[in-house]
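A short worksheet on the structure shown next.
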Protein chains: 2
Amino acid sequence: MDKTTVKVTRSILKGAPEPTLRRLPLYYRLLKQLRETTGRTGISCTVIGSELKLDATQVRKDIEMTGTVGRPKVGYEINELISAIERFLGWDKITEAFLVGAGNLGEALMGYPGFTDCGLSIVAAFDVDPNKCHRVIHGKHVRHISKLTGLMRRMRVQFGIITVPGEHAQQAADLLVEGGAMAIWNFAPVKIHVPENVIVTNEDLYCSLAVLSQKMTRRLAETRSKGAVKS
Amino acid sequence: MDKTTVKVTRSILKGAPEPTLRRLPLYYRLLKQLRETTGRTGISCTVIGSELKLDATQVRKDIEMTGTVGRPKVGYEINELISAIERFLGWDKITEAFLVGAGNLGEALMGYPGFTDCGLSIVAAFDVDPNKCHRVIHGKHVRHISKLTGLMRRMRVQFGIITVPGEHAQQAADLLVEGGAMAIWNFAPVKIHVPENVIVTNEDLYCSLAVLSQKMTRRLAETRSKGAVKS
DNA sequence: AACTAATAGAGAATTTATTCTCGATATTTA
DNA sequence: TAAATATCGAGAATAAATTCTCTATTAGTT
Ligand SMILES: NC(=O)c1ccc[n+]([C@@H]2O[C@H](COP(=O)([O-])OP(=O)(O)OC[C@H]3O[C@@H](n4cnc5c(N)ncnc54)[C@H](O)[C@@H]3O)[C@@H](O)[C@H]2O)c1
Ligand SMILES: NC(=O)c1ccc[n+]([C@@H]2O[C@H](COP(=O)([O-])OP(=O)(O)OC[C@H]3O[C@@H](n4cnc5c(N)ncnc54)[C@H](O)[C@@H]3O)[C@@H](O)[C@H]2O)c1
């Protein structure tokens with residue numbers, strides 16, 4: 001067993017570091033785009049790095065986690081790399097999902113075609129509001145929330161997306177767990193509590209906005225103080 | 001100048017580490033919620049930590065960045081902490097923003113009342129599609145994209161939100177920069193190129209989905225291999 | 001008043017992530 | 001064929017983030 005194999009095995013056992021996981025989609029998109037727009041079949045970490053403004057070594061280490069091996073002076077095979085990332089992230093298989101809360105955000109997600117890239121398929125949505133139910137949005141049925149658990153078990157859906165208002169997010173999570181959810185993608189700005197074996201990721205807009213706001217605030221403060229010095 | 005002052009000064013000069021910035025909104029929400037639902041006026045890192053499943057020391061270090069000082073055995077004043085976070089992130093001031101791309105996601109963002117917490121106010125939206133223009137969505141006007149640059153300069157709006165399809169994101173960014181944007185919140189899944197002095201944050205759904213997918217894939221692999229061992 | 005328990009704050013230790021350095025290898029060019 | 005060059009892959013070095021340890025302080029309790 002060579003060293004690459006050891007690393008890949010570790011990446012499967014312990015999981016890749018989160019920063020790596022968050023960068024892989026960036027490579028993935030770039031590679032797909034390159035494959036479509038240009039005719040090239042190979043790529044090096046140097047190029048990926050300069051394109052995405054990342055350190056080439058970092059790119060190489062990230063790619064290493066997926067198990068792809070490259071060749072000196074040449075780089076990696078684009079197709080091979082794309083499949084490796086897909087396989088590593090589980091994007092090569094279709095994952096069916098239920099969405100809870102067919103409001104503004106829920107509808108936008110239901111209509112988003114881009115999720116097919118990740119193998120994510122929202123198969124149905126659920127809502128408490130009778131006016132929202134029995135409609136078909138972007139080709140998907142909206143059903144009453146009371147049907148969720150039963151249908152989820154019957155259809156063996158294991159992925160849930162929460163887009164209800166914060167105060168109902170825990171209730172939505174409970175229903176998803178009862179239905180057998182294994183993973184939940186939570187868009188509500190609250191911490192939800194689930195059993196240990198359920199994986200939760202929060203999509204928290206406030207978190208990224210905080211990064212942006214603080215940078216902006218600092219920039220403004222700098223400009224002001226410099227201006228003061230000048231005047 | 002005491003040590004706390006030194007730390008705060010540094011946090012203003014060099015900026016807080018990004019992980020800290022991303023956690024501050026979590027504290028902020030918890031505190032607001034506690035203030036509203038319970039009558040308590042003080043809180044300790046221990047409580048915040050156990051509530052959010054974070055290490056108490058980490059919470060304390062994060063809070064330190066905002067300049068708030070606590071008292072042993074008591075903790076922090078909730079009101080004081082809330083204002084300190086607001087001030088630190090720049091959420092105490094209104095930031096007016098223009099949104100480019102009044103589609104599914106753009107409309108959802110325009111209708112989202114939660115941004116007032118961060119002082120973010122979307123004052124107008126812009127679109128190329130004539131059918132989308134001249135409408136009023138959630139109380140905000142949608143105008144033709146050709147008006148963006150002029151209006152932005154006139155109204156001195158410095159914050160842009162991009163919700164156009166990926167292939168037009170760069171164009172949208174260029175217009176925002178031309179209009180004098182200082183910060184851009186990009187929801188399109190592409191890397192946009194802007195001058196050095198413009199701050200960009202990408203809200204990339206694929207990144208968080210990747211974290212979730214990979215964990216799920218790994219979990220599934222484990223279950224399968226365990227099942228195989230058992231049988 | 002003394003004792004106990006809880007907590008902030010400082011700094012050290014540890015862990016994790018990123019960046020640097022170097023040797024091996026493959027490709028291209030002279 | 002030999003030399004030059006770009007790149008991967010491995011490991012070391014560095015930097016950043018997290019966690020641990022200790023001390024001082026304060027509120028409550030006996
Ligand atoms: N709209 C945005 O741009 C945006 C941005 C960031 C976060 N969010 C978050 O996403 C969530 C949804 O936002 P939105 O703007 O779509 O809100 P919305 O009010 O438009 O939609 C919420 C939907 O959930 C349904 N609902 C309420 N309680 C329910 C329950 N117990 N079970 C099932 N369905 C239920 C409502 O009927 C409604 O259709 C909120 O938590 C919000 O904080 C939204
Ligand atoms: N819908 C989602 O849930 C979702 C999720 C993740 C990311 N995104 C990203 O957000 C962006 C918008 O998604 P959407 O679902 O709202 O798409 P959409 O097609 O519903 O809306 C895009 C809007 O942008 C407008 N537009 C196109 N080119 C423009 C230009 N040059 N200038 C101004 N306006 C222009 C279109 O007329 C349309 O109204 C896309 O980049 C998408 O990848 C969307």
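Order of the sequence lines fixes the chain letters, A, B, ..., with proteins taken first and strands second; residue numbering starts at 1 for each chain.
- In this structure, B:R22 atom CZ and D:dT18 atom P are separated by 12 Å, rounded to whole Å.
- Without hydrogens or angle criteria, A:T163 side chain to A:F187 main chain gives no donor-acceptor distance under 3.5 Å.
- Between A:I78 and A:R40, the closest side-chain pair of non-hydrogen atoms falls below 4.5 Å.
- A:D62 places its CG atom 14 Å from the C1' atom of C:dT16, with the value rounded to the nearest Å.
- OP1 or OP2 of C:dT7 lies within a sub-4.0 Å distance of a side-chain N or O belonging to B:T46.
- Look at CD on B:Q58: it is 16 Å from P on C:dG9, rounded to the nearest Å.
- Of the residues listed (B:L21, B:D204, B:T201, B:N202), the one engaging A:S208 in a side-chain contact (heavy atoms from CB on, under 4.5 Å) is B:T201, and it is the only one.
- Using a distance-only test at 3.5 Å, with no hydrogens or angles considered, a donor-acceptor pair links the side chain of B:Y206 to the main chain of A:G114.
- For D:dT7, the OP1/OP2 oxygens have a side-chain nitrogen or oxygen of A:S44 closer than 4.0 Å.
- Following rounding to the nearest Å, B:L54 (CG) and D:dA17 (P) show an atom-to-atom distance of 16 Å.
- With A:E203 contributing its side chain and A:W185 its backbone, the two residues share no donor-acceptor pair below 3.5 Å.
- Screening residues 21-63 of chain A for ring pair (Phe, Tyr, Trp, His ring centres under 6.0 Å) gives A:Y28-A:W91 as the qualifying pairs, with residues at least two apart or on separate chains.
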Report all interatomic pairs (protein N or O, nucleotide N or O of nucleotides 27-30 of chain D) with separations under 3.5 Å.
from   : atom 1 : to    : atom 2 : distance (Å)
D:dA27 : OP1    : B:R71 : NH1    : 3.2

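- Straight-line distance from the CD atom of B:E18 to the P atom of D:dT18: 11 Å, rounded to whole Å.
- B:R29 places a side-chain N or O within donor-acceptor distance of the main-chain N or O of A:P189, the cut-off being under 3.5 Å.
- Put simply, CG on B:D55 is 12 Å from C1' on D:dT21, counting in whole angstrom units.
- Put simply, CE on B:M65 is 14 Å from P on C:dG9, counting in whole angstrom units.
- Between B:R23 and D:dA17 there is no side-chain polar atom (N or O) within less than 4.0 angstrom of OP1 or OP2.
- Picking from D:dA12, D:dA17, D:dT18 the nucleotide with the shortest atom distance to the side chain of A:K61 gives D:dA12.
- Side-chain atoms of A:R60 lie closest to D:dC8 of the nucleotides D:dC8, C:dA8, C:dT19.
- The distance between atom CD1 of A:I43 and atom P of D:dA6, rounded to the nearest whole Å, is 17 Å.
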